[in-house]
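Take a look at this one; I'll ask things after.
Side-chain atoms are counted along with the backbone in the values below, which use heavy atoms only and exclude waters and symmetry mates. Keep in mind the model is a prediction, meaning the values are calculated, not measured.
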Amino acid sequence: MFDLNFNPVTFFGFMLGFVIGTTFHEFMHAYSAYLLGDDTARRQGRVTLNPAAHFDPLGFIMGILLALNVGLIAWGRPVPVNPYALRGGRRGMAIVAVAGPLSNLAFAAALSPFYHATLGVFPADVSGVIQRMIYINVLLFCFNLIPIPPLDGFNILVGILSNSWNVILEPIRRYALPILIGAVFIVPYVSRTLRFDLNPVAEIIGPVARGLLQVFGLA
């Protein structure tokens with residue numbers, strides 16, 4: 001639902017955190033893949049902290065909607081990775097996959113001391129911006145670790161499980177878009193229509209996100 005009580009501090013903090021967070025996220029995918037032997041992303045100019053290299057127009061628009069409390073998902077430009085060029089095979093792909101979300105967690109953790117240092121010292125708007133930057137990066141960390149395709153969590157799961165599980169899980173990848181749309185949009189919409197509230201994404205990441213925000217002193 002659209003948030004009629006527009007707060008510029010909340011919006012700016014959310015968008016700033018989203019742009020920087022997705023830049024770190026995609027950079028770490030590209031950089032870790034390069035370190036493991038795949039130079040596909042490097043040849044496309046993705047091993048960089050320049051936000052323009054990781055900009056996805058639709059994903060950015062969805063980020064704006066998310067900041068306005070309208071959308072449910074946003075993204076940066078996906079990094080191309082050739083799993084056959086990675087050292088370690090599926091294990092290498094799992095490392096590349098987890099590097100992105102971990103960068104968001106590290107960024108949120110790094111911002112936490114600055115948030116607390118600004119309280120009562122700088123105007124409330126400053127701490128408000130930093131708070132929203134932490135919040136969105138905690139969400140990016142939690143959301144991307146959900147083990148469904150095309151999210152990073154699925155590549156991590158496939159990478160750490162045995163070959164027998166890989167045979168079962170890999171075919172699911174072809175249904176990545178329907179699964180993601182179903183989990184994020186369809187199931188919550190249908191559940192509200194039938195007058196019972198079920199949001200699988202919120203149920204999965206909510207407790208983890210709240211726990212991390214408590215650790216960072218924001219909840």
Side-chain angles (χ1 to χ4, degrees), residues 12-67 71-111 130 132-160 173 176-177 179-181 183-184 201 205 208-209 212:
F12 178 72
F14 200 100
M15 289 306 300
L16 185 61
F18 172 70
V19 171
I20 298 176
T22 53
T23 297
F24 281 143
H25 185 105
E26 302 302 340
F27 165 77
M28 285 306 299
H29 281 323
Y31 184 59
S32 58
Y34 176 65
L35 291 180
L36 288 171
D38 176 26
D39 67 344
T40 304
R42 184 192 64 80
R43 287 187 280 106
Q44 296 188 15
R46 303 298 302 278
V47 185
T48 176
L49 288 173
N50 181 356
H54 309 293
F55 176 76
D56 184 282
L58 181 58
F60 183 75
I61 292 172
M62 294 299 289
I64 293 175
L65 293 176
L66 190 61
L72 295 171
I73 185 174
W75 60 89
R77 181 183 168 200
V79 167
V81 179
N82 179 6
Y84 300 103
L86 295 172
R87 289 190 294 274
R90 289 189 292 109
R91 302 295 187 272
M93 191 65 202
I95 294 173
V96 172
V98 77
L102 285 180
S103 72
N104 297 120
L105 181 62
F107 183 43
L111 286 174
I130 299 175
R132 298 307 290 184
M133 292 175 69
I134 295 173
Y135 177 71
I136 182 58
N137 276 275
V138 167
L139 289 183
L140 286 170
F141 168 74
C142 295
F143 179 75
N144 279 284
L145 287 181
I146 297 176
I148 61 173
L151 302 180
D152 295 322
F154 186 77
N155 286 326
I156 297 169
L157 186 66
V158 169
I160 62 178
R173 199 184 296 275
L177 189 58
I179 291 173
L180 186 61
I181 292 176
V184 175
V201 172
I205 71 175
V208 180
L212 288 172

Given Val201, which of Leu180, Ile73, Ile146 fulfils the side-chain contact (heavy atoms from CB on, under 4.5 Å) condition? Ile146
Donor-acceptor side-chain pairing of Arg173 and Asn155 below 3.5 angstrom: yes
ring-ring contact (aromatic ring centres under 6.0 Å, His included) filter on Phe141, not counting sequence neighbours, yields none
Between Leu151 and Leu145, is a side chain to side chain contact (heavy atoms under 4.5 Å, CB included) present by the stated rule, with each step listed? CA-CA 7 Å; Leu151 302 180; Leu145 287 181; over 6 Å; no
Rounded at 0.5 Å granularity, tell me how far CZ in Phe143 sits from CH2 in Trp75. 9.5 Å
When you measure from the side chain of Thr48 to the backbone of Gly45, do you find a donor-acceptor pair of N or O atoms at a distance under 3.5 Å? no
Arg77 and Phe55 have their tightest heavy-atom pair at CB-O, 3.7 Å
Taking all atoms of both residues into account, what is the closest heavy-atom pair of Asp56 and Gly59, and its distance? OD1-N, 2.8 Å
Once you round to the nearest 0.5 Å, how far does CZ of Phe60 lie from CG of Leu66? 12.0 Å
Between Arg46 and Ala53, is there a donor-acceptor pair closer than 3.5 Å when you use the side chain of the first and the backbone of the second? yes
Is there side-chain contact between Val96 and Pro83, with at least one heavy-atom pair below 4.5 Å? no
For Ile95 and Ser32, work out which heavy atoms get closest and say how close. O-OG, 4.5 Å
Between His54 and Gly76 (side chain of the first, backbone of the second, donor and acceptor by atom type, cut-off under 3.5 Å), is there such a pair? no
Measuring from atom CD1 of Ile134 to atom CG of Asn104, what distance do you get when rounded to the nearest 0.5 angstrom? 13.0 Å
Look at the side chain of Asn144 and the backbone N and O of Gly100, then say whether any donor-acceptor pair between them is shorter than 3.5 Å. no
With the side chain counted from C-beta on, respond yes when Val158 and Arg90 share a heavy-atom pair under 4.5 Å apart, and no when they do not. yes
Residue pair Phe18 / Gly63: nearest heavy atoms and the distance that separates them: CE2-CA, 4.3 Å
Does a donor on one side chain and an acceptor on the other come within less than 3.5 Å for His25 and Asp152? yes
Donor on one side chain, acceptor on other, Thr40 and Asp38, under 3.5 Å: yes
For Thr23 and Leu49 the tightest heavy-atom approach is CG2-O, 3.4 Å
Would you call the rings of Phe24 and Phe107 parallel, tilted or perpendicular if under 30° counts as parallel and over 60° as perpendicular? perpendicular
Quick one, Phe154 and Ile148 - any side-chain contact, counting heavy atoms below 4.5 Å? no
Can a donor-acceptor pair be found, under 3.5 Å and without considering hydrogens, that links the side chain of Arg91 to the backbone of Gly159? yes
Check Ala108 against Asn137 and note the closest heavy-atom contact, atom names and distance. CB-CB, 4.1 Å
